Amino acid sequence: MTRDVFVVVECKDSKPRKASFELLSIGREMASRFSSTLFAVVLGSGLTDAADAVASYAGKTILVDNASLAEYGWDTYGSVLESILKKYEPMVVLGTSSVTGKDLFPRVAARLAAAMVSDAVGVDIAGEGVKIRKPLYGGKVISWLAPKTDSTVIVTFRPNSFAVADAGEKGEIIEETAAVAGNPAMKTLSLERKTSGKVDLQEADFIICGGRGMKAAENFAMLDEIADLMGGRTGASRTVIDSKWRDYEDQIGKSGRTVSPKLYIGCGLSGALHHIMGMDTSKVIVAINKDPNAPIFQYADYGIVDDVFAVLPALKDELKKTREET
Amino acid sequence: MKVLVFMKQVADTEARIIISSDQKSLEVENKYVVNFFDEFAVEEAIRIKEALKDVEITVCAFAPQRAVEALRTTIAMGADRAFLIDSTNRETDDPLIVSRVLAGFARKDGFDVILCGRQAMDDESANVGPMVAEFLGIPHVSQVTKLSIAGGGKAEVESEIEGGMRTSEVSLPALFTCQKGLNEPRVPLITGVMKAMKTQIDVLDPASIEIPFGPIGKEASKITVLSYEAPAGRPSVRIMDGASPEEKVQNLVRALKDEAKVL
Ligand SMILES: Cc1cc2nc3c(=O)[nH]c(=O)nc-3n(C[C@H](O)[C@H](O)[C@H](O)COP(=O)(O)OP(=O)(O)OC[C@H]3O[C@@H](n4cnc5c(N)ncnc54)[C@H](O)[C@@H]3O)c2cc1C
Ligand SMILES: Nc1ncnc2c1ncn2[C@@H]1O[C@H](COP(=O)(O)O)[C@@H](O)[C@H]1O
């Protein structure tokens with residue numbers, strides 16, 4: 001086995017996702033610490049530009065460009081990843097804890113009997129191996145795990161766990177032609193894409209989240225306008241989802257998505273523990289609630305105690321001003 | 001048809017969790033529940049049985065003795081039988097080992113459909129479903145929001161994928177991980193609860209199961225827990241001053257820009 005570090009790059013609309021650049025940034029530090037090489041692995045179809053983009057982070061970029069990889073499947077992607085990992089024998093494989101990552105990596109880990117740590121948020125690369133930081137019990141406890149590095153270790157991280165570093169020198173791109181093996185027991189009948197073109201909720205740097213206090217589905221338009229202005233996303237509490245004001249994919253919390261944006265603004269939501277567990281890792285938390293005793297204020301950095309409907313128009317104006325200044 | 005559900009008993013969200021002073025172990029307040037997503041799995045199994053009639057539902061947990069309670073809850077909902085594979089003094093931090101044990105049980109007991117939760121609320125790993133499927137050499141579909149068992153040994157499933165939904169046809173046997181939206185889990189009726197109290201729940205020693213998927217001993221674990229710590233708390237909130245909502249917002253935006261530097 002080598003001491004190389006692999007990052008499995010995830011693309012959206014043929015472009016590497018921000019989360020992958022985060023992994024390339026931390027992966028580069030790891031590889032330099034291990035005096036080994038950082039490899040980026042790009043799997044898909046029509047991804048020459050994507051490979052080019054990540055090549056400025058990785059020592060080497062492995063590109064498998066194959067029409068059979070146009071749509072993701074654990075069977076097809078898994079077969080290619082398996083053969084690449086067997087050929088190159090990296091010590092560490094980094095991936096994103098996304099819908100795709102959660103589907104693919106455990107399957108591959110079982111196939112290779114590779115150690116697997118999922119949904120981590122940090123890493124300590126001092127010393128010989130790697131120490132992984134992983135929250136448990138909805139963030140009530142942080143655990144530090146040491147996977148054995150006598151065989152390949154696969155670790156997936158939540159988006160927004162690491163800063164994206166500057167690009168470096170462009171590394172070599174290796175085109176691999178691995179065989180793609182689909183599983184005959186699986187057949188896709190149809191795909192429905194919600195091509196919102198918006199940034200992914202888990203990857204967004206800015207999230208404005210509405211709760212029951214938003215009163216009606218229409219009022220979320222105000223939040224959407226602010227989210228668009230900031231290049232971010234609108235989230236919602238479970239009460240909002242249960243009232244069918246928003247889709248489940250917008251739900252933040254223990255039974256929805258876990259997010260860690262740079263800035264989270266909660267509007268008219270109480271801050272129930274189930275909700276907090278999905279956003280407590282945000283860098284800065286702002287709460288807007290008319291009730292000064294709302295639990296959300298125990299978790300926020302900044303608070304406004306007022307009627308959300310009076311605050312939001314002013315907030316939009318002020319944020320617009322700062323946008324125009326920069 | 002045999003439907004097998006893997007169920008994890010997890011600490012309730014409200015349960016207090018104390019980190020030992022040497023940071024090596026956790027003490028969890030005795031408030032445990034059936035994992036949120038596993039309730040969808042049990043419910044779906046019952047719906048399959050209601051639709052197809054000739055179905056046996058087995059629930060299985062690799063867990064300490066206390067999980068018998070959660071297994072009884074699944075019987076009260078409508079599962080036919082439940083097994084506890086005793087995890088006392090066994091490795092449970094390595095998902096490969098947990099998955100090998102569960103796959104070993106499935107192989108012994110037999111199944112056409114295996115249902116899991118999307119992820120466990122305590123570790124949020126989402127590992128066990130795909131790993132068990134891989135060991136058993138069967139297909140899996142993650143984050144299923146609609147499942148219908150069609151004729152001819154096939155299932156039609158709708159599942160969440162990155163940025164959308166996929167409808168696929170899968171040959172059985174297969175494993176599915178259940179996502180919110182799949183169904184509305186029922187609350188057990190009192191008759192169900194009474195049946196569950198009387199149901200014998202078999203406790204198995206993992207050593208009694210033939211497991212041809214790799215080692216399950218503690219020494220085979222690839223994961224070592226080094227320590228536990230409490231998350232860093234936040235300083236207390238700063239409530240924005242101002243005579244009007246506008247003024248409060250101005251103060252907020254200034255603080256976000258100059259102090260927090262996130263704008
Ligand atoms: C197993 C389980 C899983 C769960 N998972 C999740 C999850 O993933 N995500 C989640 O969010 N919840 C989850 N919940 C639900 C959670 O416990 C709360 O019920 C929910 O988060 C409350 O939503 P809310 O804050 O929008 O509503 P409420 O608790 O009703 O709060 C509304 C808030 O709005 C304020 N308000 C009202 N009007 C105004 C106004 N005009 N201006 C300013 N403020 C106003 C009120 O003061 C109040 O604080 C879960 C619950 C369970 C049991
Ligand atoms: N020890 C266990 N016993 C039975 N089922 C389990 C166990 N651990 C995990 N599972 C199942 O696998 C799913 C995913 O768990 P996890 O990989 O821990 O997130 C859970 O929702 C359960 O259905």
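Given the structure is predicted, the values throughout are model-derived calculations rather than measurements. In what follows, chains carry the letters A, B, and so on, assigned in the order in which the sequence lines appear, proteins first and then strands, with residues in each chain numbered from 1.
Proximity of B:E124 to A:R158: side-chain heavy atoms (C-beta onward) are separated by under 4.5 Å at one or more points. Annotation: side chain of A:Y302 is in contact with side chain of B:M240 (closest heavy-atom distance under 4.5 Å).
A salt bridge between B:K248 and A:D306 is present, with a side-chain N of the basic residue lying under 4.0 Å from a carboxylate O of the acidic one. A salt bridge is defined here as a Lys NZ or Arg NE, NH1 or NH2 lying under 4.0 Å from an Asp or Glu carboxylate O, and A:K102 with B:E162 fails to meet this definition. A salt bridge does not link B:D93 with A:K134: none of the charged nitrogens is closer than 4.0 Å to a carboxylate oxygen. Comment: B:E29 does not engage A:K140 in a salt bridge, judged by the lack of any side-chain N to carboxylate O separation of less than 4.0 angstrom. Using a cutoff of 4.0 Å between basic side-chain nitrogens and carboxylate oxygens, A:E192 and B:R166 are not scored as salt-bridged.
Between the side chains of B:N127 and A:S118, at least one donor N or O lies within less than 3.5 Å of an accepting N or O.
Of all the heavy atoms in B:E169 and A:L189, the pair that sits closest is N-CG, 4.0 Å. A pairwise comparison of heavy atoms in A:K283 and B:R234 identifies O-NH1, 3.1 Å as the closest pair. Taking both residues in full, the closest heavy atoms of B:L96 and A:A110 are given as CD2-CA, 3.8 Å, listed atom of the first, atom of the second, then distance. Nearest heavy atoms, A:A114 versus B:K222: C-CD, 4.2 Å.
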